[in-house]
Amino acid sequence: MLVIRRDLVDAMVAHARRDHPDEACGVVAGPEGSDRPERMIEMINAERSPTFYRFDSTEQLRVWRAMDAADEEPVVIYHSHTATEAYPSRTDVSYASEPNAHYVLVSTRDPHEYELRSYRIVDGVVTEEPVEVVESYMFAHTGGDDIPDLG
Amino acid sequence: MAVNVSIPTILRSHTGGQKSVQADGSTVAEVINDLDARHSGLKDRLVKDGGLHRFVNVYVNDEDVRFVGGLEATVSDGDSLTILPAVAGGMR
């Protein structure tokens, strides 16, 4: 299960809407081993394409080093599908290489309703998981003591 | 030429869980060959059809080697080589 704060969900959806019709992508970092997404980082889609995304490799190195230095890991890796459902494509599966990450897909094909779903992708096997959106992690079962970023 | 190689989570099964390992070589290709000699199976995850596998990014210090000669990019003593999984996908 993915337990995630509402402000992070809203921010991912806003990013996907802003970049529509191109695919948007990014990560939500969290403390290593916590499974708690906390810090969202919008990434450049180096492909600037409605059908494909790729993290810019130079930006990725900078972001991954910053996570490493802060003892964080990519808890969520998200991207949008702008014309299809929020389900991993064959290409998504072939590239998925963070066994600990939740792969979140946001579909913006409907201009009014978004679809957000989460998956584990390990060794090419896709497993959908429930998403629990919470106001803060304080009362969620993650055991975290985080509160929403206000303002 | 000894370089420090940073290994991503997905490949640590080849290095006994180690996040970073040492290897020798004066080009990226030589470093990868030496890595494979020490940690069997790594080369297949990094190289395909004589080029860098599209699923990985390899950096010498801060430079993506795809921009500086690919597998023939030179490395110097004390350089760091970082391997990251490429993050990509799309609707098709």
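Reminder, nothing fancy here: chain letters follow the sequence lines and each chain counts from 1. Since the structure is predicted, the reported quantities are computational estimates derived from the model, not experimental observations.
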Side chains of B:Val87 and A:Met43 in contact at under 4.5 Å (non-hydrogen atoms): no

If you draw a 6.0 Å radius around CZ in B:Arg38, do more than 12 non-hydrogen atoms from other residues or ligands fall strictly inside? yes

Residue pair A:Gln60 / B:Pro85: nearest heavy atoms and the distance that separates them: NE2-O, 2.9 Å

Measuring heavy-atom distances to chain B, does A:Asn100 have an atom under 4.5 Å in its side chain, in its backbone, in both, or in neither? side chain

So if you build clusters from Ile, Leu, Val, Met, Phe, Trp, Tyr with side-chain heavy-atom gaps below 4.5 Å, do B:Leu11 and B:Val5 land together? yes

Tell me whether A:Val76 shares a hydrophobic cluster with A:Val63, the cluster being built from Ile, Leu, Val, Met, Phe, Trp, Tyr side chains joined at under 4.5 Å. no

Flag the one option from B:Val56, B:Thr82, B:Asp62 with the top tally of heavy-atom pairs under 4.5 Å to chain A. B:Asp62

Non-hydrogen atoms of A:Phe52 and B:Gly89 that approach each other most closely: CD1-O, 2.9 Å

Would you say the side chain of A:Ser57 lies within less than 4.5 Å of the side chain of B:Phe67, judging by non-hydrogen atoms? yes

Could you state whether A:Val126 and A:Tyr103 fall into the same hydrophobic cluster, counting links through intermediate Ile, Leu, Val, Met, Phe, Trp or Tyr residues with side-chain heavy atoms under 4.5 angstrom apart? yes

Same cluster or not: A:Ile121 versus A:Tyr78, using hydrophobic residues (I, L, V, M, F, W, Y) connected whenever any side-chain heavy atoms lie under 4.5 Å apart? no

Using a 4.5 angstrom heavy-atom cutoff, name the option from A:Val27, A:Thr84, A:Thr58, A:Leu61 with the most pairs to chain B. A:Leu61

Taking all atoms of both residues into account, what is the closest heavy-atom pair of A:Pro99 and B:Ile10, and its distance? CD-CD1, 4.0 Å

Answer yes if A:Val3 and A:Leu116 sit in the same cluster of Ile, Leu, Val, Met, Phe, Trp and Tyr residues linked by side chain heavy atoms under 4.5 Å apart, and no otherwise. yes

Check each atom of B:Tyr59 against the heavy atoms of chain A and say whether the ones under 4.5 Å are side chain, backbone, both or neither. side chain

B:Arg66, part contacting chain A, at a heavy-atom distance under 4.5 Å: neither

Are more than 12 heavy atoms from other residues, nucleotides or ligands located less than 6.0 Å from atom CG of A:Asp110? yes

Please give me the minimum heavy-atom distance between A:Glu32 and B:Lys19, naming the atom from each residue. OE2-NZ, 4.3 Å

The interface call for A:Ser94 against chain B, heavy-atom contacts under 4.5 Å, is both

Turns out that what part of A:Arg65 lies under 4.5 Å from chain B's heavy atoms comes down to side chain

Side chains of A:Phe55 and B:Leu84: does their closest heavy-atom pair fall under 4.5 Å? no

